[in-house]
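These numbers were taken from a predicted model, which means no experiment stands behind them. Numbers restart at 1 for each chain; the letters A, B, ... are given by sequence-line order, proteins then strands. Only this structure's heavy atoms are used, side chains among them; waters, hydrogens and symmetry mates stay out.
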2 protein chains.
Amino acid sequence: MAARPQSSTVRPVRGDARVALLEAALALVRKQGWAATSIDQLCRTVGVTKGAFFHHFASKEALGVAAAHYWDTFTAPLFASAKYHQHADPLDRIYGYLDFRGSIAGGPLEDFTCFVGTTVQETFATSDAIRAACGETIRAHAERLEGDFRAAIALYPPRTRVTAANLARYTQTVIQGGFVLSKAQGTNAPLLEALAHLKQYLSFLFEKPLKKETSHGKRRR
Amino acid sequence: MAARPQSSTVRPVRGDARVALLEAALALVRKQGWAATSIDQLCRTVGVTKGAFFHHFASKEALGVAAAHYWDTFTAPLFASAKYHQHADPLDRIYGYLDFRGSIAGGPLEDFTCFVGTTVQETFATSDAIRAACGETIRAHAERLEGDFRAAIALYPPRTRVTAANLARYTQTVIQGGFVLSKAQGTNAPLLEALAHLKQYLSFLFEKPLKKETSHGKRRR
DNA sequence: TGCAACATACCAACCGGTCGGTACGCGTCA
DNA sequence: TGACGCGTACCGACCGGTTGGTATGTTGCA
């Protein structure tokens, strides 16, 4: 008992509490939802006390806003560094994005579903601050697809009048819906199916056929 | 102040508590989410006490399961009696279904979004009973579209291999995603946009052009 | 008379949030 | 060189209220 407390291992080093709380919030909220995740539970999982929590966040709502922003900075590099950006053809980059979303949809549902999608469903009517932060995060993610969609529209004149922003938003709609259905069915199959349908839609719209191998959710389970 | 308590108006008549609680659950959960809706709040809004609640439901989880089933019996007649079933062409019936979903998407978001979609996002990992009930409700709703999709596939051979069940599920995916995006943006526009894209997809797939008037979310806001 | 449909009172655990205090790194000046 | 002041990071007890749930009545209709 005389051993000195090895504070650097048993507990996050001083200064990490804020990030640790944000990361715990992402994990727990994705699994349990926003309201079911209590401040006490967050503090317990990262090994700090409530004093630390309220030193960094004015309220639970403030944590929600910060977590939505953090989710953006957390996921943006994941997609930015993915290799589908290498394709020369903008439409191939979009197909690649959809394939990439399918490829990371493995393991437990709470590990690949969306923090902001889950959170905004609970808070859209009770906290405008959280709602706005989640909306902004989704908008920002969709916006990063707009360049490729704009180039695709220029390169392959679409059969109907569409805009890049419109298509980018629809892409996110399909993905978010895939999350909901997947959670309800307890398998990632609905998400993979939805990605395949979306790709088919784009191939019809831009009149550029799909390669054979890109058929998520058709045969494989 | 001497007026006798008019129990028949201020409080539901004896025997109605169960249905009243279910209906209150639908309304409150759609607005606030599952975990944020407490048993006390439910009892307060319908004017009964906890004794009544636990007389009808063994637990909050049991209420969730019952509410998911109730949601199905509550919404099924709404769609069954809609007039889009009158169309002779099965694809027109499906277009009509999508237009109908757009036409009821007015007013506050919590009035036209989906109870089971909201609930399952919160409970998929913490209550398998609720998750299964929500999944079954979505599946049952999708299944009611399968007949029309099967007829459409027979009538208009699709450009790629699809199944009626597959398309019906994808339809629900798009709608659920539209709800999420709409909540995040605070307007029904994303849902209307998504319905328009889905119709466009079906028109490509079945090679049956859309009529002009059916263009939700394009010009109108 | 019996039983379904409630009401009432109560419980321990937990909720978000407050508050006084403490440990510690860092710049400053004698 | 060191000690002083100060700001940041964090602790942990505590608050009033709420949570889901229970045990025990009371009411009213068949």
Side-chain angles (χ1 to χ4, degrees), chain A residues 3-25 28-29 31-67 70 119 122-123 126-130, chain B residues 4-25 28-29 31-67 119 122-123 126-130:
Chain A
R4 60 202 299 204
Q6 42 194 129
S7 62
S8 64
T9 60
V10 80
R11 171 194 307 173
V13 286
R14 193 181 170 82
D16 280 6
R18 188 189 140 89
V19 171
L21 284 166
L22 286 172
E23 239 139 43
L28 288 174
V29 171
K31 182 165 189 176
Q32 312 170 343
W34 169 255
T37 301
S38 71
I39 294 175
D40 276 315
Q41 189 185 13
L42 288 172
C43 293
R44 254 181 282 127
T45 60
V46 311
V48 298
T49 59
K50 276 206 188 173
F53 182 94
F54 283 100
H55 171 72
H56 291 289
F57 306 103
S59 62
K60 194 189 178 187
E61 185 183 37
L63 167 79
V65 173
Y70 187 74
T119 303
E122 289 185 63
T123 56
T126 49
S127 166
D128 200 62
I130 295 179
Chain B
R4 61 203 295 203
Q6 42 194 135
S7 63
S8 64
T9 61
V10 81
R11 170 193 310 174
V13 286
R14 192 182 173 85
D16 280 5
R18 188 189 141 88
V19 170
L21 283 167
L22 287 172
E23 238 139 43
L28 289 174
V29 171
K31 181 166 189 175
Q32 313 169 340
W34 169 255
T37 301
S38 71
I39 296 175
D40 275 314
Q41 189 184 12
L42 288 171
C43 293
R44 253 181 282 128
T45 61
V46 311
V48 297
T49 60
K50 277 204 189 176
F53 181 95
F54 283 99
H55 171 73
H56 291 290
F57 306 102
S59 62
K60 193 190 177 186
E61 185 183 37
L63 167 80
V65 173
T119 302
E122 289 185 63
T123 57
T126 49
S127 167
D128 199 64
I130 295 179

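- Considering every non-hydrogen atom in both Ala35(B) and Ala36(A), the closest pair reads CB-N, 3.9 Å.
- Taking the ring-ring contact (aromatic ring centres under 6.0 Å, His included) definition, one finds that Phe57(B) meets it with Phe53(B), sequence neighbours left out.
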With 3.5 Å as the limit, what N/O pairs link the protein to nucleotides 14-17 of chain C?
unit_1, atom_1, unit_2, atom_2, d
dC15(C), OP1, Ser38(A), OG, 3.0
dG16(C), OP1, Lys60(A), NZ, 3.2
dG16(C), OP2, Ile39(A), N, 3.0
dG16(C), N7, Lys50(A), NZ, 2.6
dG16(C), O6, Lys50(A), NZ, 3.3
dG17(C), OP2, Lys60(A), N, 2.9
dG17(C), N7, Lys50(A), NZ, 3.1
dG17(C), O6, Lys50(A), NZ, 3.0

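- In terms of phosphate contacts, His56(B) brings a side-chain nitrogen or oxygen within less than 4.0 Å of OP1 or OP2 of dC6(C).
- A distance of 10.5 Å separates CG in Leu21(B) from CG in Asp16(B), rounded to the nearest 0.5 Å.
- For the pair Cys43(B)/Thr49(B), no side-chain contact is recorded, criterion being any heavy-atom separation below 4.5 Å from C-beta on.
- Between His55(A) atom NE2 and dT8(D) atom C1' the separation is 5 Å, expressed in whole Å.
- As a whole-Å value, the separation of Phe57(B) CZ from dA5(C) P is 12 Å.
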Just distance, no hydrogens or angles: give the donor-acceptor pairs under 3.5 Å from side chains in residues 59-67 of chain B, sequence neighbours left out.
unit_1, atom_1, unit_2, atom_2, d
Ser59(B), OG, Glu61(B), N, 3.4
Ser59(B), OG, Ala62(B), N, 3.1
Lys60(B), NZ, Trp34(B), O, 3.1
Lys60(B), NZ, Thr37(B), O, 2.9
Glu61(B), OE2, Ser127(B), OG, 2.5

